[in-house]
Amino acid sequence: DGSRFIKLCIDNKVDIQATDEPISTKSPVEMLQINLLLSIADFERSNIKSRTLQGKSSTFEAGNRAHGMIPIGYNKSMKVNDQALVVKKIFSKYNKVKSVTKVTAYINSQDYTTNNNKSFSRKSVYNILKNPTYVGLIKFGSVTKLGNHSPIISKRLFNSVNNSLS
């Protein structure tokens, strides 16, 4: 943080001079100004962090997705879109073959792509299979609850897949 940088400079006999403000590390009064500015910046960072967490928490409590990438199969407002078919195929194919590698090869052979128009990786398929969003749940921290969005797959299929993934 800023105070460690200032201390490092002072310990190494390096003076700091601001170009747009009459502030430097040459006098105690100017050091006080620097420390006050650093404290205010730290206070602002803490406030931003706190407000962001509060906003995410209230979004989650309202039943909405609080953060992260939009899962494939949903649009920004968490309405099911055309790519939900890919999600359904990934789950049903895995339930049959019990292999993430085989599912990945199958999905890519069908020319399906991710939200970023890229081929599916083994990790992306695995993450889809583990994502509770697809059964209508949302997660924030360690808490999972029913969300306001429509599920794409059944809980039975999700549980079947995840029991064999474990």
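Along the sequence shown, residues are numbered consecutively beginning with 1. What you see is a predicted model; the values in this text were computed from it and never measured.
Taking all atoms of both residues into account, the shortest heavy-atom contact from Pro151 to Gly136 is CB-N, 3.7 Å. Scanning all heavy atoms of the two residues, the minimum distance from Arg65 to Pro71 falls at CD-CD, 4.1 Å. Minimum heavy-atom separation, Asn95 to Ser160: OD1-OG, 2.8 Å.
With contacts defined as side-chain heavy-atom distances shorter than 4.5 Å, the pair Phe91/Ile128 qualifies. Side-chain atoms of Asn115 and Gln83, non-hydrogen and from C-beta on, do get closer than 4.5 Å to each other. The closest side-chain heavy-atom distance from Tyr134 to Ile72 is below 4.5 Å. The shortest distance between side-chain heavy atoms of Lys88 and Ile152 falls below 4.5 Å.
From Lys98, atom NZ reaches atom CG of Leu165 across 9.0 Å, with rounding to the nearest 0.5 Å. The structure places OG1 of Thr104 at 9.0 Å from CZ of Phe120, a figure rounded to the nearest 0.5 Å. Interatomic distance, CG of Leu38 versus CE of Met31, reported as 8.5 Å (0.5 Å rounding). Within the model, atoms NZ of Lys93 and NZ of Lys102 stand 9.5 Å from one another, a figure rounded to the nearest 0.5 Å. The CZ atom of Phe43 sits 13.5 Å away from atom CG of Leu36, with the distance rounded to the nearest 0.5 Å. The OG atom of Ser150 lies 9.5 Å from the CE atom of Met78; values are rounded to the nearest 0.5 Å.
The closest donor-acceptor contact from the side chain of Arg51 to the backbone of Gln54 lies at 3.5 Å or more, if one exists at all. Looking at Asn64, its side chain never comes within 3.5 Å of a backbone N or O of Gly147 through a donor-acceptor pair. Ser50 places no side-chain N or O within donor-acceptor distance of the main-chain N or O of Asn47, the cut-off being under 3.5 Å.
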Candidate pair Leu137 and Thr133, rule side-chain contact (heavy atoms from CB on, under 4.5 Å), full reasoning:
CA-CA 5 Å; Leu137 300 175; Thr133 301; over 6 Å; no
Passes side-chain contact (heavy atoms from CB on, under 4.5 Å), Ile70 versus Asn75? Steps please.
CA-CA 7 Å; Ile70 299 165; Asn75 63 20; 6.0 Å; no
Verdict with supporting geometry, Ser164 and Tyr94, side-chain contact (heavy atoms from CB on, under 4.5 Å):
CA-CA 9 Å; Ser164 64; Tyr94 182 85; 3.2 Å; yes
For the pair Tyr112 and Lys89, evaluate side-chain contact (heavy atoms from CB on, under 4.5 Å) and give the outcome as yes or no after the intermediate values.
CA-CA 10 Å; Tyr112 291 115; Lys89 285 190 178 203; 3.0 Å; yes
Residue pair Phe140, His67: steps toward the ring-ring contact (aromatic ring centres under 6.0 Å, His included) verdict:
CA-CA 8 Å; Phe140 184 62; His67 59 84; 5.7 Å; yes
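Under the 4.5 Å side-chain heavy-atom criterion for grouping Ile, Leu, Val, Met, Phe, Trp and Tyr, Leu146 is not connected to Phe60 through any hydrophobic cluster. The hydrophobic clustering, which links ILVMFWY residues whose side-chain heavy atoms are closer than 4.5 Å, places Val80 and Ile138 apart. Both Val143 and Leu53 are part of a single hydrophobic cluster, where members link through side-chain heavy atoms under 4.5 Å apart.
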